[in-house]
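Read through the structure below, which is laid out as structure tokens, and then see the notes.
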Amino acid sequence: MTDNTSFVALVRWMRLAQKTYYLSNQANMGVVNPAEKAVDAALKGLPDNRPGIHVGCWYGDEDDQAAHPAAYIGLPPTEDGEVVEAVLDVFQDTLDVIAPGDDALHEFILKWERYALNYYLPFDVSEDFECVDNRWQLVEDA
């Protein structure tokens, strides 16, 4: 695939990648099949200002509250460059009480990653979280 892959071709490759993954009896997080590689290559050629899902920190309506993990949807910026974001979902616990490797936090992040994949949206996670052994967890303080 080239860098100027059409969106229709990208969607076809993504459907093939999903079908290959879900039909495979040997589905393994460490294995990347050729269709998934092609999708990754095609995604690099798409503009960065597409709507996307981001998991980051939400501080509520008051600045003195502890941060919660939250899923946001980001839209292309306005003409004056202002960011357009909306909170989709807020995790029940604050960052200061979540244990590293918490299963609920891991499932929260994966839920939104699956949503983004299902609708062919970009997905990213804040630097406040890290993936260790295929598990999302909080970045431990040094």
Response to the item:
Heavy-atom nearest pair, Glu127 first then Val139, reads O-CG2, 3.1 Å
Fill in: Minimum heavy-atom distance Trp112-Asp89, with the two atoms named
NE1-OD2, 3.3 Å
Worksheet, complete the sentence: Looking only at heavy atoms, the pair that brings Ala104 and Gln92 closest together is CB-NE2, 4.1 Å
Discussion item. Could you tell me if the side chain of Phe91 sits less than 4.5 Å from the side chain of Asp102, heavy atoms only?
Written reply: yes
Worksheet item: Considering residues, nucleotides and ligands other than Asp133, do more than 12 of their heavy atoms fall under 6.0 Å from its CG?
Response: no
Worksheet entry | His68 side chain vs Trp58 backbone, donor-acceptor pair below 3.5 Å | no
Discussion item. Please give me the minimum heavy-atom distance between Phe108 and Ala71, naming the atom from each residue.
Written reply: CZ-N, 3.9 Å
Response to the item:
Minimal heavy-atom distance between Pro76 and Val84, with the atoms involved, is O-CG2, 3.8 Å
Worksheet item: For Phe123 and Ala116, which heavy atoms make the closest approach, and how far apart are they?
Response: CB-CB, 3.7 Å
Worksheet entry | Rounded distance (nearest 0.5 Å) linking atom CZ of Phe129 with atom CG of Asp124 | 11.5 Å
Worksheet item: Would you say the side chain of Leu105 lies within less than 4.5 Å of the side chain of Trp136, judging by non-hydrogen atoms?
Response: no
Response to the item:
d(Leu138 CG, Asp128 CG) to nearest 0.5 Å is 8.0 Å
Worksheet item: Do Gln137 and His106 have side chains that get closer than 4.5 Å, going by heavy atoms?
Response: no
Fill in: Parallel, tilted or perpendicular, as decided by the 30° and 60° cut-offs, for the rings of His54 and Tyr72
tilted
Worksheet entry | Heavy-atom side-chain proximity of Val55 to Ser126 below 4.5 angstrom | no
Fill in: In one Ile/Leu/Val/Met/Phe/Trp/Tyr side-chain cluster, 4.5 Å: Val97, Leu95
no
Fill in: Other residues, nucleotides, ligands: >12 heavy atoms within 6.0 Å of Glu107 CD
yes
Item to complete: Please examine the side chains of Ile98 and Pro69, heavy atoms only from C-beta on, and report whether any two atoms are closer than 4.5 Å.
Response: yes
Worksheet item: Hey, what do you get for CD1 (Ile109) to CD (Glu113), rounding to the nearest 0.5 Å?
Response: 9.0 Å
Worksheet item: In the single-linkage hydrophobic clustering (I, L, V, M, F, W, Y; side-chain heavy atoms under 4.5 Å), do Ile53 and Leu110 co-cluster?
Response: yes
